[in-house]
> 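Got a structure for you, questions after.
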Amino acid sequence: MIKKVLLFGLFACLAQLGLQAQTLNRKTYDGLISGSSPIRVVLNFDGDAVFGTLKHKNTGVTNTVIGFSDITGVFFYEFKSNGDVLATYTARVKDDGKLRGVSLSKWSDFQEERSLTLTKTDHTTFNRKPIKSYTGTYVFQLSSDLGRSKMLVEQVGSNKIAISIHGISGSPMYNDAIINKRTVTLTSNRAYYVQYGYDKCKLKINFTEEGATVDFYDNGTECGFGAGATVKGMYLKISDDKPIFKKVL
């Protein structure tokens, strides 16, 4: 009887581990920007979020990319290590399996639009590794003219995190989108937030070791933010230090 109980417990644990392990798709693309600058993009697909790297083959520089995907294609930011957005990429899936779109760069003063052509060269699957710690500072910074946002996260339990987010719209308004400190529950690497007082303010945060995506879900876009301001976006994790939360009025 004891052996049966032990075996049942073992099977239950293995089943639970199987539920927790999540298989993700990883796709590698080689291609050109403006027909002349060779790049390699590695994208890991996690639901509607994508995370990965972009390597500039001419220079050997590799940067983190974070974005969103749907059945038509992908949209992602290429980040500098300090959280500044170096470029943004929009690419649609064509009938031949290629990704074709545009790349916009040099955000601070002007936008330079460049053509983008990518061909898939590899497609594998892998098991997602547990994130060691969610604590830290996450940012995306387009420019003072186009907006920026910062998310502070502190892990307060095995499945609990405290978060706050402050987004600022671009010029000339500089309106605020504010989520003051709240503790939310983690499910795998995701957290779901519903704002008090706004039944239709619902956010989904999808974490990776490199950063996070923040998006609305269930049509929950009524959050009382200032005109043009939002917390939706792609965030690079720039610090693992415990943040100091300050209430923003």
Side-chain angles (χ1 to χ4, degrees), residues 22-57 62-79 85-107 111-126 128 138 140 142 146-147 149 167 169-170 177 188-192 200 202-208 210-223 228-236:
Q22 185 176 0
T23 301
L24 304 180
N25 286 298
R26 173 176 291 153
K27 299 179 183 180
T28 300
Y29 298 88
D30 287 312
L32 297 171
I33 298 176
S34 296
S36 60
S37 299
I39 61 172
R40 169 166 290 178
V41 183
V42 179
L43 297 178
N44 304 310
F45 291 80
D46 183 3
D48 59 0
V50 293
F51 306 93
T53 58
L54 188 153
K55 180 178 180 179
H56 296 271
K57 293 184 178 181
T62 300
N63 294 317
T64 297
V65 298
I66 301 173
F68 295 100
S69 70
D70 59 27
I71 60 173
T72 65
V74 293
F75 171 78
F76 55 87
Y77 287 157
E78 178 186 4
F79 286 93
V85 174
L86 180 63
T88 183
Y89 298 81
T90 301
R92 293 195 173 275
V93 178
K94 298 297 182 181
D95 292 337
D96 57 7
K98 293 183 178 180
L99 289 175
R100 293 198 181 98
V102 297
S103 164
L104 296 174
S105 63
K106 299 183 179 179
W107 288 94
Q111 295 183 16
E112 177 189 5
E113 184 172 312
R114 305 173 296 176
S115 63
L116 177 70
T117 303
L118 298 171
T119 301
K120 186 170 66 177
T121 57
D122 192 29
H123 183 182
T124 60
T125 60
F126 67 100
R128 182 216 308 278
Y138 302 69
F140 76 81
L142 296 175
L146 295 170
S149 189
S169 67
S188 184
N189 68 319
R190 295 180 178 88
Y192 294 87
K200 292 187 177 180
K202 299 179 180 180
L203 299 174
K204 175 179 67 176
I205 308 172
N206 193 327
F207 288 96
T208 181
E210 295 80 15
T213 62
V214 178
D215 198 5
F216 302 103
Y217 73 97
D218 194 22
N219 295 318
T221 59
E222 298 177 14
C223 299
T230 186
V231 297
K232 176 181 177 177
M234 293 76 81
Y235 293 72
L236 183 72

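None of these values were measured; they are calculated from a predicted model.
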> Taking the inter-plane angle between the rings of Phe76 and Tyr89 on a 0 to 90° scale, is it parallel (under 30°), tilted (30 to 60°) or perpendicular (over 60°)?
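It falls in the parallel class, under 30°.
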> Find out whether Lys202 and Tyr192 are in side-chain contact, i.e. whether some heavy atom of one side chain is under 4.5 Å from a heavy atom of the other.
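The answer is no; the side chains never approach within 4.5 Å.
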> Within this structure, what is the CZ-NZ distance for the pair Arg92 and Lys94, rounded to the nearest 0.5 Å?
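Nearest 0.5 Å value for the CZ-NZ distance: 8.0 Å.
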> A quick test of your reading: do over 12 heavy atoms of other residues, nucleotides or ligands sit less than 6.0 Å from CG of Asn219?
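No, because the 6.0 Å sphere around CG of Asn219 holds 12 heavy atoms or fewer from other groups.
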> Any chance you could measure Tyr29, atom OH, to Leu99, atom CG, to the nearest 0.5 Å?
4.5 Å
> Could you tell me whether Lys27 and Asp122 make a salt bridge, using a distance below 4.0 angstrom between a side-chain N and a carboxylate O?
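Answer for the salt bridge query: no.
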> Pair Tyr77, Thr64 - check side chain to side chain contact (heavy atoms under 4.5 Å, CB included), show working.
CA-CA 8 Å; Tyr77 287 157; Thr64 297; over 6 Å; no
> Looking at Ser188 and Arg190, would you say the former's side chain and the latter's main chain have a donor-acceptor pair under 3.5 Å?
no
> CG of Asp218 to CG of Leu203: how many Å apart, nearest 0.5 Å?
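Answer rounded to 0.5 Å: 12.0 Å.
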> Any idea which heavy atoms bring Met234 and Ile66 closest together, and the distance?
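Scanning both residues, the minimum pair turns out to be CG-O, 3.3 Å.
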> Does the side chain of Lys55 come within less than 4.5 Å of Val42's, by heavy atoms?
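A side-chain contact is absent here, since even the closest heavy-atom pair is not under 4.5 Å.
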> What about the rings of Phe68 and Phe75, do their centers lie closer together than 6.0 Å?
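Ring centroids of Phe68 and Phe75 are no less than 6.0 Å from each other.
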> How long is the span from the CZ atom in Arg128 to the CG atom in Leu24, to the nearest 0.5 Å?
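Arg128 CZ to Leu24 CG: 5.0 Å, rounded to 0.5 Å.
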> Dump the intermediate steps for ring pair (Phe, Tyr, Trp, His ring centres under 6.0 Å) on Phe51 and Phe45, then the final yes or no.
CA-CA 7 Å; Phe51 306 93; Phe45 291 80; over 10 Å; no
> Heavy atoms, side chains only, cut-off 4.5 Å: are Ile33 and Ile39 in contact?
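They are in side-chain contact.
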> Is the backbone N or O of Thr72 less than 3.5 Å from a side-chain atom of Asp70, with the two atoms forming a donor-acceptor pair by type?
yes
> Less than 6.0 angstrom separating the ring centers of Phe140 and Phe79, yes or no?
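For Phe140 and Phe79, the ring centres are not under 6.0 Å apart.
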> Would you name the heavy atoms of Leu116 and Ala91 that are closest together and state the gap between them?
CD2-CB, 4.1 Å
> Please report the shortest heavy-atom distance between Ile205 and Ala212, naming the atom on each side.
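Minimum heavy-atom contact is CG2-CB, 4.2 Å.
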> Side-chain contact test, heavy atoms from C-beta onward, threshold under 4.5 Å: evaluate it for Leu236 versus Tyr138 and give yes or no.
no
> Does Asp48 come within less than 4.0 Å of Lys204, counting only side-chain N to carboxylate O?
yes
> Rounded to the nearest 0.5 Å, what separates atom CG in Leu104 from atom CG in Leu86?
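Leu104 CG to Leu86 CG: 12.0 Å, rounded to 0.5 Å.
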> Write down the atom of Gly167, the atom of Val231, and the distance for their closest heavy-atom approach.
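Looks like N-CG1, 4.3 Å.
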> Does Arg40 CZ have over 12 foreign heavy atoms under 6.0 Å away?
no
> Which of these passes side-chain hydrogen bond (donor to acceptor under 3.5 Å, both in side chains) with Arg114: Ser36, Ser37, Ser34, Ser103?
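Testing each of Ser36, Ser37, Ser34, Ser103 against Arg114, the sole residue satisfying side-chain hydrogen bond (donor to acceptor under 3.5 Å, both in side chains) is Ser103.
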> Under a 4.0 Å threshold between the charged nitrogen and the carboxylate oxygen, would Asp30 count as salt-bridged to Lys120?
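A salt bridge is absent here (no side-chain N lies under 4.0 Å from a carboxylate O).
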> For the residue pair Gly35 and Ser115, what are the closest heavy atoms and their distance?
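Heavy-atom minimum between the residues: N-OG, 4.1 Å.
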> Between the side chains of Tyr235 and Ser149, does any donor sit under 3.5 Å from an acceptor?
yes
> Under a 4.5 Å cut-off applied to non-hydrogen side-chain atoms, are Leu43 and Asn25 in contact?
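No, their side chains stay 4.5 Å or more apart.
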> Drop me the distance from Leu142's CG to Thr88's OG1, to the nearest 0.5 angstrom.
8.0 Å
> At their closest point, which heavy atom of Gly47 faces which heavy atom of Ser69, and how far apart are they?
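Gly47 and Ser69 have their closest heavy atoms at O-OG, 3.8 Å.
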> Can Thr62 and Leu54 be said to form a side chain to side chain contact (heavy atoms under 4.5 Å, CB included), step by step?
CA-CA 5 Å; Thr62 300; Leu54 188 153; over 6 Å; no
> Under 3.5 Å, is there a donor-acceptor pair linking the side chains of Asn189 and Asn206?
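Distance-only check passes for Asn189 and Asn206.
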